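To keep things clear, I will list the structure first and then write my remarks on it.
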Amino acid sequence: MHNAAIINESIHADAAAFGIGPAPTGVESAPTGIETKHAWESMRENVQNHIRSLNFKYRVNLREKGVSYLNKLGKFKDAHTLEVTDKKGRVSEITASRFIIAVGGRPTPLECEGGELAISSDDIFALENSPGKTLCVGASYISLECAGFLAGIGHDVTVAVRSILLRGFDREVADKIGSYMEDHGIKFRKEVVPSKLEKVEGDKIKVTFSNGETDIYDTVLVAIGRQADTQKLGLENIGVETNSRNFKIPTKFEQTSVPNVYAIGDVMEGCPELTPVAIQAGIQLSRRLFGGSKEPMDYKNICTTVFTPIEYGCCGYSEDEAIEKFGADNVEVYHKSFMPLEWSLSDSRSVHQAFTKVIVDKSDNERVLGIHFVGPNAGEVLQGYGTAMKKGITFQDLADTVGIHPTSAEEIVTLTVTKSSGEDAAAGGC
Ligand SMILES: Cc1cc2nc3c(=O)[nH]c(=O)nc-3n(C[C@H](O)[C@H](O)[C@H](O)COP(=O)(O)OP(=O)(O)OC[C@H]3O[C@@H](n4cnc5c(N)ncnc54)[C@H](O)[C@@H]3O)c2cc1C
């Protein structure tokens with residue numbers, strides 16, 4: 001769905017500048033027209049079919065590896081017995097010497113009058129009909145990504161922000177993403193939360209905000225956090241401790257307070273909520289349990305990307321975190337704003353620039369503490385830097401790396417302007 005927004009954006013912002021336009025009437029082989037209409041139903045069906053095919057492949061893979069897949073809901077009876085219930089309500093038991101809990105999380109519901117009228121980020125991808133005018137509640141990456149793709153495919157979108165955008169990410173970059181989204185037509189209602197939702201005529205939802213203002217939407221999507229799905233797991237029956245606030249499970253090397261029970265992924269306290277992190281933690285744990293490995297899972301320097309739909313990829317510390325941890329005197333930032341080549345022909349792109357910054361520890365040979373990149377294909381750009389950061393690279397290592405021209409990624413290895421110099425990030429290089 002992010003890709004749908006990117007494609008639509010490209011058609012509207014870039015295509016004409018590259019000479020791509022509506023075909024003259026009667027010319028069959030010319031490019032398709034620029035006038036576009038987004039068919040939610042087709043996208044949804046294609047996406048759902050793709051997911052179904054992935055699920056099928058996973059099941060085949062499991063079968064080929066000799067893993068039994070049971071589509072049943074589990075609940076602990078004791079530390080070695082799981083009671084499982086199938087869709088028809090039939091209950092049976094499984095015993096095992098060890099268990100790994102990987103039940104993930106569920107979206108936190110909106111606790112206000114009429115909150116049940118809102119949908120969650122779990123629902124949006126399967127929504128049968130186009131969501132129309134939408135309010136996204138929350139400013140986490142999930143809310144902003146949903147807002148971004150909905151606006152990108154042509155919907156009227158507002159985001160209700162209680163405090164700040166993208167908590168936990170680099171502040172400077174989060175602000176850039178906010179202004180990019182605003183310039184792409186997304187409205188922000190700042191420092192408000194919904195206080196009441198009510199159905200009004202035509203199946204619309206009237207939202208009253210905490211500041212007394214109201215508006216009417218076709219869809220209200222809530223993404224105000226996720227809680228670990230551990231409450232009905234029967235953990236109290238076996239003594240596995242959970243955090244009373246988010247119901248996550250504290251672990252030591254993925255082992256819970258009950259020695260034969262492990263936890264990985266979103267359910268584990270302190271685990272970055274990302275798919276590849278859950279997968280890698282599972283692989284490492286299996287190797288330690290059954291393969292003689294002693295390697296713990298390394299939760300540091302994990303790359304991630306936010307798709308709003310402008311992409312923001314990062315790895316390591318944000319500038320604020322680095323200053324807090326290493327002290328302002330020890331932290332230097334190399335930064336640059338730049339125009340990606342693929343944006344450079346179209347006037348409508350000129351209001352925004354891509355951006356990158358590398359945060360280094362001056363007291364440790366300019367070791368790289370964080371890399372941040374906002375621009376096209378940021379996820380693709382950042383992945384390799386994740387490996388580099390695992391190896392503890394310095395800024396000089398980056399500077400010694402020959403870039404790939406003419407890409408946006410080469411900006412990371414050609415940085416020269418420091419923040420402390422006071423020079424504008426738009427300076428530096430030609
Ligand atoms: C909208 C959205 C966008 C995201 N985008 C990204 C992204 O771009 N990149 C990224 O890396 N991550 C992304 N994430 C995060 C990612 O989805 C999670 O980090 C990841 O799925 C966690 O994996 P997990 O195995 O811990 O849990 P899950 O994937 O949540 O799997 C848990 C499974 O356990 C099942 N289950 C629950 N309770 C029981 C029970 N009692 N018995 C049996 N089964 C049970 C659930 O049905 C579910 O199938 C996104 C999340 C959301 C919500």
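FYI, the numbering just counts along the sequence from 1. All values below were derived from every heavy atom in this structure, side-chain atoms included, with hydrogens, water molecules and symmetry-related copies excluded. As the structure lists them, so they are numbered: ligands from 1, and atoms in each ligand from 1. Computed from a predicted model, the values in this text were never measured in an experiment.
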| query | With distance as the sole test, does Asn377 use its side chain to make a donor-acceptor pair with the main-chain N or O of Glu380 at under 3.5 Å? | reply | no
| Taking Glu145 for the side chain and Ile142 for the main chain, is one N or O donor matched with an acceptor at less than 3.5 Å? | no
| message | Tell me whether the rings of Trp40 and His38 are parallel (<30°), tilted (30 to 60°) or perpendicular (>60°). | response | perpendicular
| message | Quick check against the 3.5 Å criterion: does His372 have a side-chain atom that pairs as donor or acceptor with the backbone of Glu319? | response | no
| query | Which of these, Glu254, Gln255, Lys294, sits in a side chain to side chain contact (heavy atoms under 4.5 Å, CB included) with Arg288? | reply | Glu254
| task | Output the set of protein residues with a heavy-atom contact under 4.0 Å to ligand 1, ordered first by chain identifier and then by residue number. | result | Lys72, Leu73, Gly74, Ala102, Val103, Gly104, Ser121, Phe125, Tyr141, Ile142, Arg226, Asp229, Leu233, Gly265, Asp266, Glu273, Leu274, Thr275, Pro276, Ala278, Phe307
Which atom pairs, one a donor and one an acceptor, fall under 3.5 Å between side chains of residues 53-67 and the rest of the protein, sequence neighbours left out?
from, atom 1, to, atom 2, distance (Å)
Ser53, OG, His50, O, 2.8

